[in-house]
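So the structure is just underneath, and the comments pick up after that.
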Amino acid sequence: MNQNAGRRTSRRISPRISRFPHLRQDFAASLVVFLVALPLCVGVAVASGVPAELGLVTGIVGGLVTGLMRGSSLQVSGPAAGLTVLVFEAVQEFGLPALGVIVLATGALQLAMGALKLGRYFRAISVSVVEGMLAGIGLVLIAGQLYSVVGARAPESGLEKIAGLPGALVDAADSAAASASLALGVGTVAVLVLWKRLPKQVRTVPGPLAAVGLATLAALLLNLPVATVEVQGLLGAVQPPPLGSFGELANVGLLGTIVAFTLIASAESLFSAAAVDRLHDGPRTEYDKELMAQGAGNALCGMLGALPMTAVIVRSAANVQAGARTKASRVLHGVWLLLFAALLPDVLAYIPIPALAGILVHAGAKLVPVRAIVGLWREHRGEALILVATAVSIVAVSMFEGVLIGLALAVAKTAWEASHIRTEVVDKGAGPVQAYLSGNATFLRLPKILDSLEALPQDRPVELDLSGLHHLDHACRSALETWAERHSAVGTEPVKVTEPVTSG
C-alpha cells in the first residue's frame, strides 16, 4: 500500500515539476541580467538624448514581449549602445515625437521581413562590414560620451567630436565641476576594467552596477558638483507619437533613417544570435522568427515612444553565463525592470551622468574590434580594409552612408575575386596561335583579357577557345567580338572562336 501511495504521489507532483524544470537556474540568471541591464538601459537613454525612463521601457518590452516570443531562447533584448548615435541624430533632426514613428516603422519592416523569411539572408552580410559598423559606432560613441564625462556639450559631427576632444579636456582642468565630473567618469571606467580581476565572490555583483553604485556613493558622500539623471516618472516619460507626427513619413530623410534603423538593428540582433548560439548547447536560433520577435518588440516600443531595441550580446552572454536554461530568465528580467521602474524611479535621480557616460565609453571601446583587425590584416587584408573603411566612413560622414559604403566595398571585392580568369597562349611557331580563356570573364577583368589578346601577332591566324569559361558577360562578349573583327581586318584569316559550354 505504501509503495503504491508513493507512486501516486510522484505522479501528482511530477507534472508540476516538469512544467518548470529549470526555474531555479532561470530565476537566478534573471536577477543577474536585470542588474547588468539596469545601468545600461538608463545610460543608453541618457546618451540618446531621451528621458532615462524610456530606456527602461525598451528593456521591459524586450523582456516581457520579445522574451516570450520564439526565435532565440537565451538572447536578451533591450536598448543597445550600437544604436545610440543614430537615435541621438534622429531626435536632434526630427524631434522626440518622430522617434516613436521611426521605431514603429522599423518594427513593421522587421515583421514583414520575418514573414517573408528574409532573416536568414542577414547572415550573408559581410562580417567585416558589420564589425566596421560597430567599430564606427564605438568610435563616435566614445568621442561623444567623453564630453559628457567632463560635463561639456558635444559637437554635432563625428569628426568635430574627435577634433574637439583635446580642447574639452584642457578646459576641464580649469573647472572644479568639470574636474570632479572627469574623476567620476575615469573612476567608473577603471572599475569596469579592473572588476573582472577581483575575487569571484566580489564579482557576483555585475561590473556596470558596481561601477554606477560606487560613483553614486562617491558623489553623495563627497557632495560633488556633478550632473545627475533627470527623472520624469514612468508615465510622464511614455509619450505615444501623436497622429500628426506620422506625416513625417513623407520626409525622405526620415525614411532613410528608418531603413538605417531596420538594417542595423536587424543585423546586430541576428549576428548576436549567432554568437549566443556558440555559447550554449540548447536550441538553435530560428532567424526568421527572431526577426519577427524583434519587430514585434520595436513596434510596441514605437507605440510607446520608447527607444528601439536590438538583441544585446553583453546581456545575452551574462544570461548564458549565469546558467539560464530557458526563455523564462529573460522574461523575468523584464519583470524586475518593470518593478524597479514602477516602485523605485526616484533612485535614478541620484545617478551621476559622468558615471553613465563612463559605462558607455567602456561599451564603445568593446565595439572596436582591435584584435579582429590585426588578425584580418595578417590573413585577409581586403577584409581588414573594408572594416576600417566602413568605420572611418561612419565617423566622417554618417551612419547610413558609412554602412552603404562598406556594403559597396564588400560587393566590389567579392565581384573582383569572383571574376578570376586565366589566359593561356600556345604558339608552336607555325600554324595558328591558340588562346585559351578559363574562369569568369567579366568587365572587371576586361583590360587584362584585351591586353593578352592584343599582344598576339597580327599576321597570324588565331584560334580563341572560350570553352573553359564558366561565365561570359555581355561587355566581355562585345569586346571579344570587336577584337576579332579588328584582328581579321588586316587580311588575316578570321578568328576561329570555340564558344563556352552552356549547361542546359
Side-chain angles (χ1 to χ4, degrees), residues 40-59 78-103 105-106 133-165 168 185 227 229-230 232 237 239 241 245 248 251 253-254 256-265 268 298 301-302 305-310 312 353-354 356-364 367 391 393-403:
L40 291 174
C41 287
V42 176
V44 168
V46 172
S48 300
V50 304
E53 291 87 349
L54 292 183
L56 294 176
V57 171
T58 300
L83 285 175
T84 301
V85 176
L86 197 57
V87 173
F88 182 82
E89 291 175 353
V91 171
Q92 292 298 307
E93 184 173 355
F94 305 110
L96 185 57
L99 178 63
V101 176
I102 293 170
V103 178
T106 296
M133 174 190 76
L134 295 175
I137 291 169
L139 291 172
V140 177
L141 185 61
I142 291 169
Q145 291 307 302
L146 284 175
Y147 286 91
S148 295
V149 166
V150 297
R153 181 178 176 81
E156 296 293 331
S157 72
L159 288 178
E160 289 173 343
K161 286 183 175 75
I162 293 172
L165 275 176
V229 174
E230 294 182 9
Q232 298 183 10
Q239 297 290 337
S245 61
E248 291 286 340
N251 186 326
L254 185 131
T257 301
I258 291 170
V259 173
F261 269 63
T262 304
L263 292 177
I264 294 169
E268 189 171 346
N298 273 319
C301 285
L307 290 172
M309 74 165 61
T310 73
V312 189
I353 296 292
L356 297 176
I359 284 181
L360 291 176
V361 167
H362 184 258
L367 292 175
S393 300
I394 288 173
V395 173
V397 189
S398 73
M399 176 80 63
F400 189 48
E401 285 84 350
V403 171

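Just so you know, residue 1 is the first one in the sequence shown, and it goes up from there.
- For Glu230, the CD atom sits in a loose shell: 12 or fewer heavy atoms of surrounding residues, nucleotides or ligands are nearer than 6.0 Å.
- Remark: side-chain polar atoms of Tyr147 are paired, donor with acceptor, to backbone N or O of Lys161 under 3.5 angstrom.
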Checklist entry - Passes side-chain contact (heavy atoms from CB on, under 4.5 Å), Leu263 versus Val403? Steps please. => result CA-CA 9 Å; Leu263 292 177; Val403 171; 5.6 Å; no
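- Leu367 and Ile137 make their closest contact through CD1-CG2, 4.1 Å (heavy atoms, listed as atom of the first residue, atom of the second, distance).
- With rounding to the nearest 0.5 angstrom, the CD atom of Glu93 is 12.5 Å from the CG atom of Leu99.
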Item to check | Residues Val101, Glu248; criterion side-chain contact (heavy atoms from CB on, under 4.5 Å); working and verdict | outcome: CA-CA 8 Å; Val101 176; Glu248 291 286 340; 5.6 Å; no
Which donor-acceptor pairs under 3.5 Å do side chains of residues 44-57 form with protein atoms, sequence neighbours excluded?
from, atom 1, to, atom 2, distance (Å)
Ser48, OG, Val44, O, 2.7
Glu53, OE2, Gln232, N, 2.8
Glu53, OE2, Gly233, N, 2.9

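- When all heavy atoms of Pro308 and Leu83 are compared, the closest pair comes out as CG-CD1, 3.9 Å.
- Contact between Ser148 and Ala357 at its shortest, heavy atoms only, is CB-CB, 3.7 Å.
- Gly402 and Ser393 make their closest contact through CA-CB, 3.7 Å (heavy atoms, listed as atom of the first residue, atom of the second, distance).
- No donor-acceptor distance shorter than 3.5 angstrom exists from the side chain of Asn298 to the backbone of Val103, with no hydrogens or angles considered.
- Summarising the geometry of Ala105 relative to Ile258, their closest heavy-atom pair is CB-CD1, 3.6 Å, with the distance given to 0.1 Å.
- Taking Leu146 as the reference, Ile142, Leu165, Val361 meet the side chain to side chain contact (heavy atoms under 4.5 Å, CB included) condition, with sequence neighbours excluded.
- For the atom pair OG1 (Thr257) and CZ (Phe261), the distance works out to 7.0 Å, reported to the nearest 0.5 Å.
- Here Glu160 pairs with Ser157 under the side chain to side chain donor-acceptor pair (under 3.5 Å) rule; sequence neighbours left out.
- Heavy atoms only, all atoms of each residue included: Met133 and Ile394 are closest at CA-CD1, 3.5 Å.
- Atom CD1 in Ile162 sits 6.0 Å away from atom CG in Leu139 (nearest 0.5 Å).
- A donor-acceptor contact shorter than 3.5 Å links the side chain of Thr58 to the backbone of Leu307.
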